[in-house]
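Below you'll find the structure, written out as structure tokens, and then a few comments.
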Number of protein chains: 2
Amino acid sequence: MALEHAILVSLLEKPGSGYELSRRFERSIGYFWTATHQQIYRVLKRMESDGWIDVRDVPQQARPDKKEYSVAALGRTVLSQWLHEPIEPESVRHELAVKIRGAAFDDPAALIREVERHRQAHTERLAHYLAGERRDFTGHEAPEAPDAGRELQHVVLRGGIAYERMTLDWLDDVLATLHRLAPQH
Amino acid sequence: MALEHAILVSLLEKPGSGYELSRRFERSIGYFWTATHQQIYRVLKRMESDGWIDVRDVPQQARPDKKEYSVAALGRTVLSQWLHEPIEPESVRHELAVKIRGAAFDDPAALIREVERHRQAHTERLAHYLAGERRDFTGHEAPEAPDAGRELQHVVLRGGIAYERMTLDWLDDVLATLHRLAPQH
DNA sequence: TCCTTCTATGCAACTCGTTGCATAGACAAG
DNA sequence: CTTGTCTATGCAACGAGTTGCATAGAAGGA
């Protein structure tokens, strides 16, 4: 399991409440690990009772009070241990690929609109990543004092960008194939 | 849920037993949807009792008897319905990306070996895909009578190949970044 | 005033997926 | 003749993840 670890990384990058974490899991770290707010609240509670993180009640005006979590010493140890353990290659769940192979037993042309929808979604995500890259990573780095966190966030973001570009190319390939199989469209 | 649908697609491509399906989920369709044999047996039982698939006892010599499953009419209907439903973009679980971001709070150099291990695994998987492509998709297609199933399996495989190539390039980028952050290595 | 939206937290029920274990026939190697 | 491997199926328990629902304060618009 790695949700705990994703939360530890996110809280190390910046302490925050369950609500704030669930927002981050819709942006930033959520591009590489998804979680709903229910999952996050439940896991935060367990992590806190296990002493991995500390809580602090933060009264707010103009909005409900919140609980701000930050990583405790034990949490850093746990994260460090996890970082030194080898992980298995990702187990893939590529629903669209299953659909494409399934289309052979139905109407391939009917998938065209669906694939175009995905293409659109990936175009938007790529634009979003590129905007984030321009915003956060276009300043000059001091070459003698690189900021490790910043560099590592950037290389992960470059991975997201490469993934979206590859996916767009592939979806074009899929669309060409579907059109070839259904020339009347 | 899509394991049912992945199984329907696989059984339409070729009927088979739970054991045979679990083998396919380690190759072929398993590159895009993973499942263990326990999951497969459990779901097969449910699908059969729901009338999506038919069973046939197949006595064998030199090995235990098996139950061969094939898709029933209802299963085809269910698959067709699913194919016409829009699906959400994949929810990502990229554990290595979480680790890379986490490395900022530990020793980035300690990740180098792990990333190299992943690079090795992806190199092997790419070679495996390319071998499969040479084996199954190097014959000439009759241009007037394309085999839809074959074409669609090929485009999905091309997606896997593109993914592995992109991943290898990105892992090289990650390794260069890690080395830059730990020049003593 | 009521309705909606945003922040903020949480429970309960359920399904999905993983892990460990068990059984059993046939064959091959030592 | 025992051990290991391959085919073949399955149970039980647990943990992870999803879905639906609930509460509540404050702000802003109709």
Side-chain angles (χ1 to χ4, degrees), chain A residues 1-8 11 15-27 29-30 32-50 53 55-69 82 87-95 98, chain B residues 1-7 10-11 15-27 29-30 32-50 53 55-69 82 87-95 98:
Chain A
M1 199 324 223
L3 176 55
E4 282 93 336
H5 305 115
I7 287 175
L8 286 173
L11 288 179
S17 67
Y19 186 78
E20 284 159 357
L21 279 171
S22 74
R23 305 303 307 276
R24 291 185 213 170
F25 274 81
E26 289 166 7
R27 306 175 285 101
I29 193 130
F32 315 106
W33 203 271
T34 55
T36 60
H37 79 271
Q38 289 88 344
Q39 239 185 304
I40 291 167
Y41 282 120
R42 196 199 294 151
V43 170
L44 279 175
K45 194 155 283 187
R46 186 172 65 227
M47 291 169 76
E48 200 254 315
S49 81
D50 289 349
I53 54 179
V55 203
R56 192 170 65 91
D57 277 312
V58 178
Q60 300 186 111
Q61 64 267 58
R63 55 180 63 179
D65 298 351
K66 66 176 180 178
K67 299 180 184 174
E68 194 181 78
Y69 292 93
W82 176 70
I87 50 176
E88 294 306 303
E90 324 287 324
S91 68
V92 186
R93 294 286 154 101
H94 203 318
E95 211 170 350
V98 177
Chain B
M1 211 300 236
L3 177 55
E4 281 93 335
H5 304 114
I7 288 176
S10 194
L11 288 180
S17 68
Y19 186 78
E20 283 160 358
L21 280 170
S22 76
R23 305 303 306 276
R24 292 185 212 169
F25 274 82
E26 288 166 8
R27 309 174 283 104
I29 194 131
F32 314 106
W33 203 271
T34 54
T36 61
H37 79 271
Q38 290 88 346
Q39 238 185 305
I40 290 167
Y41 282 119
R42 197 200 292 151
V43 170
L44 278 174
K45 195 155 280 186
R46 186 171 67 228
M47 290 168 78
E48 200 254 314
S49 80
D50 289 350
I53 54 179
V55 203
R56 192 169 65 91
D57 276 313
V58 178
Q60 301 186 112
Q61 65 269 57
R63 55 181 63 176
D65 299 350
K66 66 175 180 178
K67 299 181 184 173
E68 194 183 77
Y69 292 93
W82 176 69
I87 51 177
E88 295 305 304
E90 325 285 325
S91 69
V92 187
R93 293 286 154 98
H94 203 320
E95 210 170 351
V98 177

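Position along DNA chain C of the nearest nucleotide to B:T36 versus A:G18 favours A:G18 as the more 5'-ward residue. Nucleotides of DNA chain D nearest to A:P64 and A:R46 differ in position, and the one nearer the 5' end is that of A:R46.
Proximity of a side-chain donor or acceptor of B:D65 to a complementary backbone N or O of B:Q60 within less than 3.5 Å is detected.
In this structure, A:D65 atom CG and C:dG10 atom C1' are separated by 16 Å, rounded to whole Å. The distance from atom NE2 of A:H37 to atom P of C:dC11 is 11 Å, rounded to the nearest whole Å. Whole-Å rounding puts the A:E26 CD to C:dC6 C1' distance at 12 Å. One atom, CD of B:E88, and another, P of D:dG17, lie 19 Å apart when rounded to the nearest Å. One atom, NZ of A:K67, and another, C1' of C:dA8, lie 10 Å apart when rounded to the nearest Å. The interatomic distance linking A:Q39 (CD) with D:dG20 (C1') rounds to 15 Å, in whole Å. At whole-Å resolution of the value, CD1 in A:I40 and P in D:dT18 are 11 Å apart. The CD atom of B:E95 sits 12 Å away from the P atom of D:dA16 (whole-angstrom rounding).
Here the CD-NE2 distance, from B:E20 to B:H37, works out to 15.0 Å after rounding to the nearest 0.5 Å.
Judged by distance alone, with hydrogens and angles left aside, A:R42 brings no side-chain donor or acceptor close enough to the base of D:dG15 to form a pair under 3.5 Å. If you check distances only, the side chain of A:Q60 never reaches the base of D:dG25 with a donor-acceptor pair under 3.5 Å. Interface remark: the B:R63 side chain does not form any donor-acceptor pair with the D:dT9 base, using a distance-only criterion of under 3.5 Å.
Ring geometry for A:W82 against A:H5 counts as parallel: the plane angle stays under 30°, on a 0 to 90° scale with 60° as the upper cut.
We find that B:K67 and B:E48 are not joined by a salt bridge, their nearest charged nitrogen and carboxylate oxygen being 4.0 Å or further apart.
OP1 or OP2 of D:dG10 sits under 4.0 Å from a side-chain N or O of B:K45. OP1 and OP2 of D:dT9 both lie 4.0 Å or more from every side-chain N or O belonging to B:Y19. Remark: A:R93 is in phosphate contact with C:dG17, judged by side-chain N or O atoms under 4.0 Å from OP1 or OP2. Phosphate contact (OP1/OP2 of D:dT9, side-chain N/O of B:S17, threshold under 4.0 Å): present. Look at B:Y41 and you'll find a side-chain N or O under 4.0 angstrom from OP1 or OP2 of D:dT9.
Residues B:W33 and A:R93 have side chains in contact (heavy-atom distance under 4.5 Å, counting atoms from C-beta outward).
Distances from the side chain of B:Q38 to the nucleotides D:dG20, D:dG17, D:dG10 place D:dG10 closest. Comparing C:dT9, C:dG17, D:dT7 against the side chain of B:L3 picks out C:dG17 as the nearest.
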